[in-house]
Amino acid sequence: MNLCDFVPENIRLIQPYQPGKPISELAREIGLEASTIIKLASNENPLGVSPLALDAMISAMQNVALYPDGSGFELKAALSSHYDIKSEQIILGNGSNDVLDLVARIFLKPGASAVYSQHAFAVYPLVIQITGAHGIQVPARDYGHDLPAMLDAIKPETRMVFIANPNNPTGTISNNDDLYRFIGRVSRDVLIILDEAYYEYLPEINRANSIQWLKEFPNLIVTRTFSKIYGLAGARVGFAIAHPDVADLMNRVRQPFNVSSVGLAGALAALNDSEFVQKSYALNRAGMLQLTDGFRKLNIEFIPSVGNFISFRIEGNATNIPKVYQSLLHQGIIIRPLGIYEMPHHLRVTIGLASENERFLHALEYALGELV
Ligand SMILES: *Cc1c(COP(=O)(O)O)cnc(C)c1O
């Protein structure tokens, strides 16, 4: 159709984000009962939703005829006391993807550029491309962010740097001191977007003092989400914390009702369900040990991860990857191949329940047996 030819090339060349395969789709494709399929493909919480959040969302459903509170007053008030920040510093989003997109749309334009790491979260190049700005991908070091190289990659026209800490899909993390030094060296007219989607899964020693740093660095934006440890991926709630001037711009540009009333209610309750967060954290630590032990027994190399997922390598020809992925699908297990992340020899699995991890390891052993 001709009118599509008027669309700028940066839009026409976009490759859509590829999400993990939904359970319902695999059930249709291979004729398996949906309840027998396990999805370890999207870093969702294997415990499901926090019971307090579920109750709050069910109640909120009674009022879905009404528009949500577009300012998110109550959730922002709760976040501001939880993190000891001002409400004026918070931007709520329809997932943190929404705030990543917002920040790119506001601060980038054709002629500008943004820096991110090789193997980093696939949403960064996508939101950069939508604006017509130029993405500068910096080669990774040991699968993690090479902060000195990222600093060197910043050009006069660069307006932002994305840092995923920890990074998805590699599970790598930059240490607190290195990150602090990096932020201090970035020019104040370049935004640093510190994506901490997995912060609550981090062991204490890996947690950066990022929210304190906001006082010192007006060009820092921290993003967090309710999709991961809080178990609300389907409700779509995330947020950014920034300097009030930056937050003000973002709040002017965002859609007036970008978080649903059900999402707001769920997030507010989940934030206060510390028992659920602790349980999820402990389950994840144990599951990580279970999987790394299993990988060692199968002689599989993995990238040590601090997230709720881990990426591992299948030796031999890269065609082994689709074979293992397909074999697992046929055994009712969905994980994630990492070709689009320039990691054609790796697969990523989300830490599940102990029984799911065990089923995954058995299925993987079987899939590896089929290769030889
Ligand atoms: C999952 C994830 C997010 C969060 O996405 P939501 O839109 O909040 O669901 C953000 N960044 C990274 C690196 C992630 O893996």
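Start at 1 and go down the list; that is how both ligands and their atoms are numbered. Excluded from the calculations below are hydrogen atoms, water molecules and symmetry mates; all remaining heavy atoms, backbone and side chain alike, are included. These figures come from a predicted structure and were not determined experimentally.
- For Y124 and F162, the gap between ring centers is short of 6.0 Å.
- Looking only at distances, a side-chain donor or acceptor of Q290 sits under 3.5 Å from a matching main-chain atom of A354.
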Sub-3.5 Å pairs, protein N or O with ligand 1 N or O:
| residue | atom | partner | partner atom | Å |
| --- | --- | --- | --- | --- |
| ligand 1 | 5 (O) | N97 | ND2 | 3.2 |
| ligand 1 | 7 (O) | S96 | N | 3.1 |
| ligand 1 | 7 (O) | N97 | N | 3.0 |
| ligand 1 | 7 (O) | N97 | ND2 | 2.7 |
| ligand 1 | 7 (O) | R236 | NH2 | 2.7 |
| ligand 1 | 8 (O) | S96 | N | 2.7 |
| ligand 1 | 8 (O) | S96 | OG | 2.9 |
| ligand 1 | 8 (O) | T225 | OG1 | 2.5 |
| ligand 1 | 8 (O) | S227 | OG | 3.4 |
| ligand 1 | 9 (O) | S227 | OG | 2.6 |
| ligand 1 | 9 (O) | R236 | NH1 | 2.8 |
| ligand 1 | 9 (O) | R236 | NH2 | 3.4 |
| ligand 1 | 11 (N) | D195 | OD1 | 3.2 |
| ligand 1 | 11 (N) | D195 | OD2 | 2.6 |
| ligand 1 | 15 (O) | N168 | ND2 | 2.7 |
| ligand 1 | 15 (O) | Y198 | OH | 2.6 |
| ligand 1 | 15 (O) | K228 | NZ | 3.3 |

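- Residues in residues 201-230 take part in these salt bridge (Lys or Arg N to Asp or Glu O under 4.0 Å) pairs, two or more places apart or across chains: E196-R224.
- Taking the side chain to side chain contact (heavy atoms under 4.5 Å, CB included) definition, one finds that S355 meets it with L353, sequence neighbours left out.
- Every residue meeting the side chain to side chain contact (heavy atoms under 4.5 Å, CB included) condition with L52, not counting sequence neighbours, appears here in chain and number order: S50, A269, D273.
- Proximity of L264 to E74: side-chain heavy atoms (C-beta onward) are nowhere separated by under 4.5 Å.
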